[in-house]
Structures are given as structure tokens and as C-alpha cells.
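In what follows, every chain begins at residue 1, and chains take the letters A, B, ... in the order their sequences are listed. The structure displayed is predicted, hence computed values, not measured ones.
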Amino acid sequence: MPLYRISQWALIAPALVLVIALFMMPIAWFVGASLAELGSIDAIWSEAKSVLGSRAILGAIWTTNVIALVVTISALIIGYPLSYALSRAKGLAFSLILICIVVPYFTSVVVRTYAWMVILGRNGIVNQVLLSTGLINEPLNLMYNRLGVVIGMTYVLLPYMVLTLFGAMKAVDSRLLQAAEGMGARPLTIFAKVFLPLTLHGVMAGSLIVFILAIGFFITPALMGGTGDIMMATLIEREIEVSQNWPVAALMTIALLAITLTLYALYGRFADRSGERFV
Amino acid sequence: MMAGNSLRSWILQALVVLLCGGMLAPIAVVVVASFSGGGYLKFPPESLSLQWYFRFLGDARWLASLWNSFVIALMACVFSTAVGFLAAYAIARGAFAFRNAVVALLLMPLIVPHIVTAVAMYFLSARFGLVGFKPWIALAHSVVALPVVLIILQSTLKTIDPNLERAAMISGCSRAGVLRHVVLPLAMPGLISALLFSFLTSFDELLISLFLAGIRAETLPVRIWNSLLLEVEPTIAAVSSLLIAMTIVALVIEWTIRKMRSNELSTSH
Amino acid sequence: MKPSTPPSVELSALRKSYGRETVVKDISLTIPQGEFFSLLGPSGSGKTTTLSLLAGFIRPDQGRIHINGTDATFAPPRERGLGMVFQNYAIFPHLDVFGNVAFPLTIRKLPKAEIAERVKKALEMVKLTGFESRFARQLSGGQQQRVALARAIVGHPSVVLMDEPLGALDKNLRYHMQVEIKEISRRLGMTVVYVTHDQEEALTMSDRIAIMDRGVIAQMGSPRAIYERPESSFVAKFLGEANLIEARRVNGVLQSATGSQFQTAEDIGDLNDGKLFVRPEKVTLLPSDAPPNVNQLPGEVRRVSFLGNIIRYEVSVVNDQTVLCDAANGSSSSTFSPGDKVLLSWQSADARFLGK
């Protein structure tokens, strides 16, 4: 039943006002005003060129993309079997697997990162165990480096991958698989020729959402990263908190937003097909 | 052939158990560590005690941050659920131009890196002296909680038959009456979920609070963050365990309500 | 003499478009007090849209709606004084039977005692006394539809709208409900606007039927008039089985392609090229050596189907057309077999010449 035009806009107005006033406009204003500090368009242009030419910033962009890519691939490798098990499980098994994914998913990111700091730290559980068994003499550096960042971020973002893949896998008609089996196809062939192609759009959607969230990630890299692992989000924060360099922060923001929104548009195309769209 | 099949499924099962264990292990580690009796975190703890909980409860600054988080999350969840309900209803029943664009816009805060949102909000707040003002922080949290509310309520409203609303209108209800007498009662489970998860979203939010809270309104995640940057004090394990417990309680409530509703609908004769 | 009452429903040149598609094209109709009026048509013919306009769920682009003499074109549904029954029942799942039936009265804040009294009467009327505290999920489809009916009549509306109310019920139950709905509507003297795509249902229940086709009323009249005197091929085909034999007028004489001559009681317009309409049950089969006459067509029996009380012959005539003939399965009727050459014959009064 369609609502009349006036009432539907009246209903949606508070939400729109909230998002426009506290989200869209502040971002536009922050970027605009920060760049305006530079004066002219030419000044902005030359600043943009020097920012993009700066080794620190190029390095951060490169690091961000490498880490995001590794995290995405790790999440896919771990998430795919987990999601497959979830999509085929019933009853208690289904509930148990779901709990294992949903409880971390809704737990604070800070808490989840902290958990890995407890595990991977210099006095952490892994090192305590390895030292006590005598396998090593010196504590290993598992944290404050790229390995720590990747482990922490993969853990935090894994539920997004699993839940997106789950939507695509649940939609696969199990009779198709039975038919393939009935025709004598081997399990590996069924997987490669039937199941994987049917869930590929879910793989794309899940990978994109994890990558999108990874490139803008702040908490885990800031807590678990070393000096060589500064990502774009961290850089933006430092430009403001430490250097008070608003124009550079604004330029970085534009770059980050551009990548995010482009990938988001791409994500929409895959996610709409898998039906289960989280974002 | 049979042996191959069962071996394969055995390997898959073992893998799934391992992965599931891996998902829960870090959370379990924090909870266990929070009860440790020693001077610093040791795993497994050599002795058990509640000392870190007592230290948390005895620290005025920790308690103040807990209170701040609670007040802000309460305001944010009520506000975002109210605003989100109206919007979700308009989206579910409306047939207006730019519908997809409006939905995409409202969901955007989930996608845009929180650092960008937080910095932009700080830019705005600093100029109007709103840093540290709790209702303002709650409003800012509502922006990121709104997509969560919308996603939950949209799927709830989809299950409500529009003919029920037509029947109510013919029976004498105004638009508001339809909402009050039909849509609200039927959407109640979804509304409670929306309240719970928007509360959690705000309660766990770090980045916006980090920029907007100042000293006056330091929230629990900000307090944890600050202490993590300095030194990993074990009190954090106790605080984290409380946050984990809160998450689990919220999930259990949500699950119970859904179970009750589905029992209600499946009972026949 | 009774004072003249305004018609229950009056639609004047009602029009509704969605985008570039006009789903209701200038519909006008008048329904007097107490009439059982059906809107019959295939899906997409605009009948449900017309009902939604009447109910006030959507607003017309043009035209007026009068209910009991009052202009209700843009009045919200709650001010139109209607009752309505929906195809999927639309029983409120969070209320029990009493709560559902009482809903229109509760909303209007009637005194508790009066609500109880009126709900009791409505439930008696639909034979659901004793079910007050059940919920929809504990009721069968037929019982749910009775609850919907009780809810529609409890407020004593002068007009009740029904949108395919029996569509989801099985055939047996449907017949029972048809009789009951008709009985209740007569007892309460209410006007019913009934939307259906089931022609038999419309024929059985209605005082008057409007047949809709692509947003317009193709024909309106009593069931019998529409069935026997369709004004277009569409109406003839939509309402029951119809033979439509290609025919043309040559020098004022109606004839088939092979020259068989026809006569009709009345012609629609001054067409020269069209179709001759005659119902299968009005056609009789004669042996091919019967004396020739007007209104005859030679053919060959293709198939004979036994339908219980009737026997249906499919007879192929000129140009590969098939003509159906329904013969009563009486003891005296002679039977034909596939392959037999026959003469189809009918009365002029039963035939009409229609446009293409």
C-alpha cells in the first residue's frame, strides 16, 4: 500500500536530516574548509601533488592496500569452509557454529583487539607457552608488526565474510548438488564445477565488504601495528591529532572516500544478487 | 569410496571445530585472564581471584566512563530506533522517487571509514563547543547506529502483511492509529532487537567518542583505548569481560524473543 | 412512497494511472442500496484498483467517488463507513477472534457493553460463537474467513467491499461460503461490491456484474443478460464457453465463408465482418441428411467428451474452426461418434453477431 507522498517524506525526514546534518555536511565541510585553508585551487593542486609525491603517504597507501588484500584473502580462506559448514548444518550444530561467529561479531572491536594483544604480546600466551616448552629462548615478536595487524584484522572482519558467504551458499539448491552426484561427478568436481561458480558472487561481495572495511580500519592497526605499518586511517588521525595538518588530512580523506565508495558501488552489484545484503 | 567419504567429512568436521574454537578462543582467553590472581596476566592463571573486578569497581574514573557509556548508549538507542522505525516504515511502504538513493545514503555511515566520520564530526563539534556534551555524542552515535536499526527493521516490516494495515484503516484507524494498533505490536520483536543492537553499537563505539568525548564524557571504550596505549593493565581484562557479558546477554534476549515469536506463530489448533 | 435514497456507490469517470500505464480508464457506475454488485475480470483488468479507489487506499487522478450521496473522492478510508473482506483474510495475528471482530468498534471507542453485544451478534451471524479467545493460527481457512466477515459487518457499514474473499478456499467450502455471504448480505440489506475472477461465483452471487477488461467496463448488467447477450467477443469468451464463428454480411445477408446463411435476433452495430456468437448448450446436432434450413453449419465430429450431466461434442467446421455443442445427457438424445458428418443447428434468438 503506497503511502501518500507527503507522509512518506515526513516519516523519512528525521533520519535524512540526522544523516545529512551530522554526516554528509560535516564531511563536506571538513574537507572543504580544510582545503580552503590553502587558498587557491592552484595551491590545493600543488599540495595534492606534493602529498601524493611524499614517500610517507605513498607508503601508507601502499601498506593499506597490501594489508587489506592479505586480510581479505585470509578471511576468505578461513571463512569459506566455515560458512559452508554453517550453510549445511542443522539444529544444534547450526546454532553452535552461529554462536561462534555471532558472539565475536557483536563484541566490541577494542575488546577483540585487546584479546589478541593478550595472546600475541611479548609476555603473551603464545610466547609463554613456547618459552616454557623450551622451543624458543627469546620471546618472538608477534605483535607491533604486520603479522599482528593481519591476524587481528582478519579476526575482526571474518564474521562479515562468513555471513555474506552464508547468504549465497544457503541459496544454492541442494538438489543441484544431488543431481551432479547422481550423474557420477566426484565431490571435488561438484565443488569446482557447480558449488563454487554458484557462490562466486557471494565470494565477490564478501571479499569486497571485507576489503572496504579493511582499508578504512583504524583500531586494530593502531593498537597492534608497528612503526612500519601505518595505514591511511591512522595517518589521517595523526595529521590531525599530532601535526594539526588539516589540508593533508582532507586530501587523504578524499582518497580514502574515493576508494571506499567506488568499491561500495561494485559491492552493491554482487550483494544484490546474493539476496542477503548486510550493508 | 565409503571410506573416502567419511574421511573427507571427518576432516571437514575437524576443521570446522578448529575454526569455531579459534573464533571463540580469544574471547575465552580474556574472560579467563580477567580472573587471574597474579600481578600480571598469565595464562592459564596460577590462581583465581576477583581482584581486577574489584579494582575496576573501586576506580572512580572507570566507573565514570561506564556511566557515560551507559547514558550515551541509552539516548542513542532510543533516538536511532525511533528515527529508524519511521524511516524503515516509509521505505517498506513508500513508493517514492530516489528510494534506492535514500536507502544507500542512510546506510552510508556503515561503509564510510569511521575515522572520516569521527574527524568530520569533530570538525563540526569543535566549532560549536559541543565536545564532551553527552546528548550530542549520543546524536553522533545515532548516525552509525541508524543503519543497524534500518537493516533489522526493514526485514521485520517486510513480514507484516500490508492488508492488515488496510483492514485497520477501513476499520476506522488513522495513519497514526495503524502504526499504534497494528504495526507497532507486530514489529515489537524487531524493535527490541533494534534497541539492543543500536545500544551495543553505541556502547562499543570508539572512534567518534575518541574525538567528541573530551575529558568530560570519556566513555568506556575510550578509557580502555587510553589505557591500552600506555600499558596493558589487567583491569582491562575485567572491563572487557563485562563488555563480552553484555554482548552475550543482548544476544540471549534477542534469541529468546525470536524463539517466543516463532513458537507463537507455529502453534496450531 | 419511500423517500428516494441516494445510491450506495457512485463512481464518475474514475481514472488512475501508474507512470505511463492507465489501469483504470474513466470508469462510471452506480450501485443502488442493497445490491450485490460484482466486478469480474481477468487479472490486470483494473478491478482490484477500482476497489482500492473505492476503499480509499489510493487516490484517483480524475473523477469522483460518492458513497451514500456524499463526495468521498479524497476522504481517508476510515471516514468512508465501509467494511472490507480481504482475500488472505488479514486477521490481526496479535489479537484473538474477539479482538479482531471488536477492532472497528474499539477504534471508535464504543462502550464496552455495546461492543460485547455487537461482537456476539456478528459471531452468531457467521456461526463462530465459542471461538472468541482463539487466535488466527488456531483457525482453519474457512473459519478465518468468517472472522474477517464478522469484522467487516460488525460496524454496520452500508457498503461491504470484498476482494476475492473466497479465492484461497477449496471448492466445497467456497460454495458454502458463497451461500452464506449471500444470505448475510440479504439479511442485513447491505450493499456488496464483490471483486472476483471466478465467473461462476459472479454468476451465482450477483444481482449485477460489471465485466472489466484492460481498465474499462466491457459490459454491465444482470448475470443472465450478460451471459445470454454479450456485446463483445471478450465478454462472450470470458463468461462461460462460447462459439464464435467467423461470419460476414453480404448484400444484407449474414453468412459463413462457405455460404451457410445465418439469422440473428438482434445485431450489434452495423458490422459487416465479425463473429457469430452462440452458446454450446444452444446448439443441437442433426444428422447430415436433415432438411436444410437457416442457421445450420455442416461439420464433422472430432471428439466426444462425457462431462456427467452433459455430453460435449467438438465439431470441426469450415476453416478448421471448432464448434462446441453441449447436449443434455438425457435418455432420449441420440448420440454421435467421432468421424460422423453432422449438421449444427440453432435458433435465431440464441445467436448474436459480434465484432471481432
*What part of C:F86 gets closer than 4.5 Å to chain B, counting heavy atoms only: side chain, backbone, both or neither?*
side chain

*Measuring heavy-atom distances to chain B, does C:L105 have an atom under 4.5 Å in its side chain, in its backbone, in both, or in neither?*
neither

*For the pair C:F92 and C:F103, name the ring-plane relationship: parallel under 30°, tilted 30 to 60°, perpendicular over 60°.*
tilted

*May I ask you to decide if C:L95's main-chain N or O and C:N100's side chain share a donor-acceptor pair within less than 3.5 Å?*
yes

_Under 4.5 Å from any heavy atom of chain B - which part of C:R80_ = neither

*Is a donor on one side and an acceptor on the other found under 3.5 Å between the side chain of C:S206 and the backbone of C:F37?*
no

*Answer yes or no: are there more than 12 heavy-atom neighbours, outside B:F98 itself, under 6.0 Å from its atom CZ?*
no

*Partner chain C: residue of B:P185, B:G177, B:S174 with the largest heavy-atom pair count (under 4.5 Å)*: B:S174

*Could you tell me which portion of B:I170 (side chain, backbone, both or neither) has an atom closer than 4.5 angstrom to a non-hydrogen atom of chain C?*
both

*asked:* With no hydrogens and no angle check, just 3.5 Å: does a side-chain donor-acceptor pair link B:S80 and B:S142?
replied: no

